[in-house]
Asker: 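Once you've had a glance at the structure underneath, I'll fire off some questions.
Just so it is clear: chains get the letters A, B, ... in the order the sequence lines come, proteins before strands, and each one is counted from 1.
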Amino acid sequence: TGLCRKKQLAEAKLVLVEMSEMGINPNVMTYSVLIHGLCSQGQIEDAKLMMQDMVHLGLAPNVVTYTALIGGFCIERRVEEAFGLFDEMVQQGIDPNKYTYCTLLDGLCKVGKLEEAVQFFRRLQGQAFDDNVVAYNILISGFCKVGFMNKATRLLVEIIQKGLEPDEITYNTLIDGFCKVGRIEDAKSLLIDMERQGLRPNDITYNTLMVGLIKVGDLEHALHLAQEMVGKQTQPDAITHSILTSGMCQAGRFQDAENLLLSYGR
RNA sequence: GACUCAAAUCUUACCAG
């Protein structure tokens, strides 16, 4: 009963709720899925109402329900309210977990409150929050977004010093950061580091680097990377094609761009 | 008994701001 398909039809979920009145009772999981669906569509107010509904039905929101709703507020950049909910859940005796903390961390980063995010993170480290790579990734992404590559790099060093293992997302995030500030050589050497660590660059890694290369006018290298992808596990995807097409247009090679589009259509 | 199963982090464009 609780396994609704998400991602597909957020509005149809409302219908599902009504249908479940015909004999099938929604449970906490059902509501959590729906709330998450509404939140990711920016329907935060509806999500709030839905949480009230479930309470009225005698269903108690759990950590997943709260985290989903907290994430919704973060998407809307309403971080204050997100923390308000966080306080509320703690008062209800519900223990936040790493998902909850990471959601809040990301919320702080996305509104540019990086120092607060770091403070929050450090405070959590002192408590029951095991070091986890996702939290580091969130902070790294935050610093990369504003071009503070020195701070971002320092966090990567810290991950390694703690004996944790950076993952593909860690590297992808840093590569994007270096590309965005035009430090393409640093980005390239991170790709090498990544492979040296035994990590497989994925489609996002390549796409990210290609954007950087095109930005500094090195379309040729970007095209080579696309060739390289084919030889590996990862395949160029729709985003790859969009990047390359736009790169060709920027280089004035409209005919090549058109050919690429046509070949993609086959 | 184990596994994926409701919530967190990375790339282009679009949308929103």
Side-chain angles (χ1 to χ4, degrees), chain A residues 1-7 13 26-43 47 54 59 61-78 82 85 89 94 96-111 117 121 129 132-145 152 155 159 166-180 187 190 194 199 201-215 222 225-226 229 234 236-247 249-250:
Chain A
T1 150
L3 298 177
C4 316
R5 245 181 268 292
K6 65 175 204 176
K7 308 238 179 212
K13 289 170 179 173
N27 56 21
V28 176
M29 206 160 114
T30 318
Y31 272 99
S32 298
V33 179
L34 292 170
I35 287 171
H36 176 245
L38 288 170
C39 285
S40 47
Q41 304 248 340
Q43 316 256 38
M54 72 184 282
L59 292 170
N62 62 15
V63 60
V64 177
T65 324
Y66 270 104
T67 301
L69 200 53
I70 287 172
F73 279 111
C74 288
I75 289 173
E76 303 279 306
R77 308 173 65 87
R78 291 158 65 174
L85 259 179
M89 79 179 269
I94 301 168
N97 59 19
K98 60 185 176 182
Y99 286 84
T100 320
Y101 290 128
C102 284
T103 303
L104 286 165
L105 265 184
D106 191 48
L108 287 172
C109 287
K110 292 272 153 69
V111 297
F121 176 62
F129 190 57
N132 81 26
V133 172
V134 173
Y136 276 103
N137 288 348
I138 290 167
L139 292 176
I140 288 173
S141 170
F143 284 121
C144 284
K145 284 273 164 9
L155 286 168
I159 292 178
D167 61 12
E168 291 86 349
I169 295 185
T170 317
Y171 281 101
N172 290 347
T173 305
L174 283 160
I175 288 172
D176 182 51
F178 279 119
C179 285
K180 289 272 167 30
L190 274 175
M194 181 175 184
L199 294 171
N202 57 23
D203 50 346
I204 296 185
T205 317
Y206 286 110
N207 289 344
T208 305
L209 257 180
M210 288 189 293
V211 171
L213 288 164
I214 288 170
K215 196 171 157 191
L225 273 185
M229 286 178 81
T234 69
D237 60 6
I239 295 183
T240 315
H241 287 89
S242 141
I243 292 166
L244 291 177
T245 317
S246 121
C249 290
Q250 284 170 44

Asker: Check the interface with nucleotides 11-14 of chain B: list each N/O to N/O pair with the protein under 3.5 Å, or write none.
Answerer:
residue: B:U11; atom: OP1; partner: A:Lys145; partner atom: NZ; Å: 3.4
residue: B:U11; atom: O4'; partner: A:Thr208; partner atom: OG1; Å: 3.1
residue: B:U11; atom: O2; partner: A:Asn207; partner atom: ND2; Å: 3.0
residue: B:U12; atom: OP1; partner: A:Lys180; partner atom: NZ; Å: 3.1
residue: B:U12; atom: O2; partner: A:Ser242; partner atom: OG; Å: 3.2

Asker: Whole angstroms only, please: what is the CG-C1' distance between A:Leu190 and B:C10?
Answerer: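 Roughly 13 Å, once rounded to whole Å.
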Asker: Do any N or O atoms of the protein come closer than 3.5 Å to N or O atoms of nucleotides 15-17 of chain B, and which pairs are they?
Answerer:
none

Asker: Check the side chains of A:Ser32 and A:Thr65 for a donor-acceptor pair under 3.5 angstrom, ignoring hydrogens and angles.
Answerer: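 Yes.
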Asker: Between the main-chain N or O of A:Ile204 and the side-chain N or O of A:Thr208, is there a donor-acceptor pair closer than 3.5 Å?
Answerer: yes
Asker: Would you compute the distance between atom OH of A:Tyr101 and atom OG1 of A:Thr67 and round it to the nearest 0.5 angstrom?
Answerer: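 So the gap between those two atoms works out to 10.0 Å.
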Asker: To the nearest Å, how far apart are A:Tyr99 OH and B:A6 P?
Answerer: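 Roughly 12 Å, once rounded to whole Å.
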Asker: A:Leu139 CG to B:C10 P: how many Å, rounded?
Answerer: 12 Å
Asker: Whole-Å distance between B:A8 P and A:Asp106 CG?
Answerer: 10 Å
Asker: What pairs with A:Arg77 under side chain to side chain donor-acceptor pair (under 3.5 Å), at least two apart in sequence or on another chain?
Answerer: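 Result, side chain to side chain donor-acceptor pair (under 3.5 Å) vs A:Arg77: none returned.
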Asker: Show the nearest heavy-atom pair for residues A:Val134 and A:Cys102, with the distance to one decimal.
Answerer: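 Heavy atoms only, the tightest pair is CG1-SG, 3.9 Å.
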Asker: In whole Å, measure the gap between the C1' atoms of B:U12 and B:A8 for me.
Answerer: 23 Å
Asker: Nearest to the side chain of A:Asn132, heavy atoms from C-beta on, is which of B:A8, B:A7, B:U9?
Answerer: B:A8
Asker: Have a look at A:Thr173 and say if it touches a base, only the backbone sugar-phosphate, or nothing, with a 4.0 Å heavy-atom cut-off.
Answerer: sugar-phosphate
Asker: Near RNA chain B, under 4.0 Å by heavy atom, which residues of residues 70-77 of chain A?
Answerer: none
Asker: Checking contacts here: which listed nucleotide (B:A7, B:C10, B:A6) is nearest the side-chain heavy atoms of A:Lys110?
Answerer: B:C10
Asker: According to side chain to side chain donor-acceptor pair (under 3.5 Å), who are the partners of A:Thr103, at least two apart in sequence or on a separate chain?
Answerer: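 Listed in chain order: nothing, the list is empty.
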Asker: Considering only heavy atoms and no angle criterion, is a donor-acceptor pair shorter than 3.5 Å present between the side chain of A:Asn137 and the base of B:A8?
Answerer: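 Result: no qualifying N/O pair found.
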Asker: Just one of A:Asp167, A:Asp106, A:Asn172, A:Thr173 clears the side-chain hydrogen bond (donor to acceptor under 3.5 Å, both in side chains) bar with A:Asn137, so which one?
Answerer: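 That would be A:Asp167; it is the only one of A:Asp167, A:Asp106, A:Asn172, A:Thr173 passing the side-chain hydrogen bond (donor to acceptor under 3.5 Å, both in side chains) with A:Asn137.
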Asker: Quickly work out the A:Phe129 CZ to B:A8 P distance and round it to whole Å.
Answerer: 15 Å
Asker: Looking at B:A6, does its base get a donor-acceptor pair with the side chain of A:Asn62 below 3.5 Å?
Answerer: yes
Asker: Using whole Å, report how far CD1 of A:Ile159 lies from C1' of B:C10.
Answerer: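 So the two atoms are 13 Å apart, to the nearest Å.
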Asker: Does any N or O in the side chain of A:Lys215 come within less than 3.5 Å of the main-chain N or O of A:Lys180, such that one atom is a donor and the other an acceptor?
Answerer: yes
Asker: Side chain of A:Asn207, backbone of A:Asp203: donor and acceptor closer than 3.5 Å?
Answerer: yes
Asker: Taking only residues two or more places apart in sequence or in another chain, which ones pass side chain to side chain donor-acceptor pair (under 3.5 Å) with A:Lys145?
Answerer: none
Asker: Taking the P atom in each of B:U9 and B:C5, what is the distance between them to the nearest angstrom?
Answerer: 15 Å
Asker: Taking it one step at a time, do A:Glu168 and A:Thr205 satisfy side-chain contact (heavy atoms from CB on, under 4.5 Å)?
Answerer: CA-CA 8 Å; A:Glu168 291 86 349; A:Thr205 317; 5.5 Å; no
Asker: Which nucleotide wins on minimum distance to the side chain of A:Asn97, given the candidates B:U9, B:A7, B:A6?
Answerer: B:A7
Asker: Using whole Å, what does the distance between atom C1' of nucleotide B:C10 and atom CG of A:Leu199 come to?
Answerer: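 Distance check: A:Leu199 CG to B:C10 C1' gives 13 Å.
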Asker: Could you tell me how far apart A:Tyr66 (OH) and B:A6 (C1') are, to the nearest whole angstrom?
Answerer: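 Taking atom C1' of B:A6 as the reference, OH of A:Tyr66 is at 16 Å.
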Asker: With rounding to the nearest 0.5 angstrom, report the CG to SG distance, A:Leu174 to A:Cys179.
Answerer: 11.0 Å
